[in-house]
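Just below is one structure, and these are the notes that go with it.
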Amino acid sequence: MLKKRIIPCLDIKNGRTVKGVNFIDIKDAGDPVELAKQYVKQGADELVFLDITATLENRKTLVELVKTIAQEINIPFTVGGGISTVEDAVALIQAGADKVSINSSAVKNPQLISDLKNRFGSQFVVVAIDTKNVNGNWKVFTEGGTFETELETVNWAKEVEKLGTGEILLTSMNSDGTKNGFDIEVTKAVSKTVNIPVIASGGAGKVEHFIEVFTKTEASAGLAASIFHFGEIPVPVLKNELKKQNIAIR
């Protein structure tokens with residue numbers, strides 16, 4: 001059985017780490033380089049860096065900031081935001097990213113998933129799926145959560161697996177930033193359907209939420225932001241509690 005991973009997420013806007021609720025009400029959460037260094041010390045398994053307004057502002061990810069962070073850390077580092085071509089991905093890899101995460105561009109051009117896989121291998125490609133429950137159906141959203149697509153979440157997850165992604169980062173927009181717990185329903189549905197790792201994201205507020213997502217779904221990682229950024233649950237404390245529950249973690 002794969003050991004579960006704990007992944008802090010750095011949402012970046014204008015070069016700062018920020019955090020919102022349900023993808024809005026954005027607040028400052030600190031310097032991304034300092035936070036990244038802190039998470040390595042605390043024993044985080046990986047880091048995710050998302051340039052949250054890159055797609056909306058129609059620009060590329062902050063390559064220089066990626067380079068600065070990569071020089072300071074020694075754990076796997078996933079970068080997303082505004083990646084729409086293989087060349088964009090190459091620039092980030094050269095800057096020190098270990099994996100790239102694509103979302104809106106994967107929906108617009110699914111072939112990009114296969115192109116990235118063919119160039120770098122599937123373990124390099126993460127497809128981020130932002131999902132929201134709309135009248136009882138889990139729908140895929142793009143453009144930083146502002147655009148509802150026709151895609152149903154579980155079907156899209158199956159499709160991106162076929163196209164060659166190595167991992168899915170699944171964020172429930174209904175739960176994002178609420179600290180009321182991960183969305184078990186959609187996480188369970190997606191993680192049961194695909195044979196690749198699923199990172200659960202959106203809603204972590206306490207240790208019990210991680211225990212729940214790891215025992216009730218097949219998610220292989222739990223991602224959170226504000227509880228880590230604001231010191232509410234330090235990574236070592238979370239890992240100790242999970243161990244006490246006999247949950248195998250890295």
[X] side chain near [Y] side chain, heavy-atom distance below 4.5 Å:
X	Y	answer
N74	V40	yes
I247	F210	no
T78	F49	no
F147	T149	yes
D130	T142	no
P32	I69	yes
F228	V235	yes

Output the distance between atom [atom1] ([X]) and atom [atom2] ([Y]), rounded to the nearest 0.5 Å.
X	Y	atom1	atom2	answer
L223	I6	CG	CD1	9.5 Å
S226	I233	OG	CD1	9.5 Å
S220	K3	OG	NZ	14.0 Å
L92	Q94	CG	CD	9.5 Å
L238	I211	CG	CD1	8.5 Å
N240	I249	CG	CD1	7.5 Å

- Query: Within 45° of the ring axis of F124 and under 6.0 Å from its six-membered ring centre, is that where the NZ or CZ of K99 lies?
  - Reply: no

- Determine, stepwise, if the pair E87 / R119 fulfils salt bridge (charged side-chain N to carboxylate O under 4.0 Å, His left out). CA-CA 11 Å; E87 290 68 38; R119 176 73 183 260; 5.4 Å; no

- Task: With side chain to side chain contact (heavy atoms under 4.5 Å, CB included) as the test, would you mind laying out the steps for K239 and D45 before giving the verdict?
- Result: CA-CA 10 Å; K239 286 191 157 189; D45 299 304; 2.9 Å; yes

Give the table of side-chain donor-acceptor pairs shorter than 3.5 Å for residues 185-201, with sequence neighbours excluded, one pair per line with atom names and distance.
{"unit_1": "E185", "atom_1": "OE2", "unit_2": "W138", "atom_2": "NE1", "d": "3.2"}
{"unit_1": "T187", "atom_1": "OG1", "unit_2": "D183", "atom_2": "O", "d": "2.6"}
{"unit_1": "S191", "atom_1": "OG", "unit_2": "T187", "atom_2": "O", "d": "2.7"}
{"unit_1": "S191", "atom_1": "OG", "unit_2": "K188", "atom_2": "O", "d": "3.4"}
{"unit_1": "S191", "atom_1": "OG", "unit_2": "E218", "atom_2": "N", "d": "3.1"}
{"unit_1": "T193", "atom_1": "OG1", "unit_2": "A189", "atom_2": "O", "d": "2.6"}
{"unit_1": "S201", "atom_1": "OG", "unit_2": "T171", "atom_2": "OG1", "d": "2.9"}

- Item | Where L50 and S101 come nearest, the two heavy atoms and their spacing | CD2-OG, 4.3 Å

- Message: Can you classify the ring geometry of Y39 versus H229 as parallel (below 30°), tilted (30 to 60°) or perpendicular (above 60°)?
- Response: tilted

- Task: Establish, from distance only, whether the side-chain atoms of T131 and T153 form a donor-acceptor pair under 3.5 Å.
- Result: yes

- Task: Assess the side chains of S172 and D176: does a donor N or O sit below 3.5 Å from an acceptor N or O?
- Result: no

- Message: Taking CD in E150 as the centre, count heavy atoms belonging to other residues, nucleotides or ligands within less than 6.0 Å. Is the count above 12?
- Response: no

Flag the pair [X] and [Y] as a salt bridge only when some basic side-chain nitrogen lies within less than 4.0 angstrom of an acidic carboxylate oxygen.
X	Y	value
K67	E64	yes
K206	E241	no
K179	E232	yes

- Task: Kindly determine whether F120 and D115 satisfy side chain to side chain contact (heavy atoms under 4.5 Å, CB included), including the steps that lead there.
- Result: CA-CA 9 Å; F120 303 106; D115 291 347; over 6 Å; no

Is a side-chain donor or acceptor of [X] paired with a backbone partner of [Y] at a separation under 3.5 angstrom?
X	Y	answer
E46	I7	no
S105	I83	yes
D88	T85	yes
S114	L163	yes

- Task: Could you give me the CA-CA distance, side-chain angles and deciding distance for N133 and N137, then say whether side chain to side chain contact (heavy atoms under 4.5 Å, CB included) is met?
- Result: CA-CA 5 Å; N133 193 320; N137 289 323; 5.7 Å; no

- Message: Between C9 and D11, is the side chain to side chain contact (heavy atoms under 4.5 Å, CB included) condition met? List the steps.
- Response: CA-CA 6 Å; C9 180; D11 289 328; 3.5 Å; yes

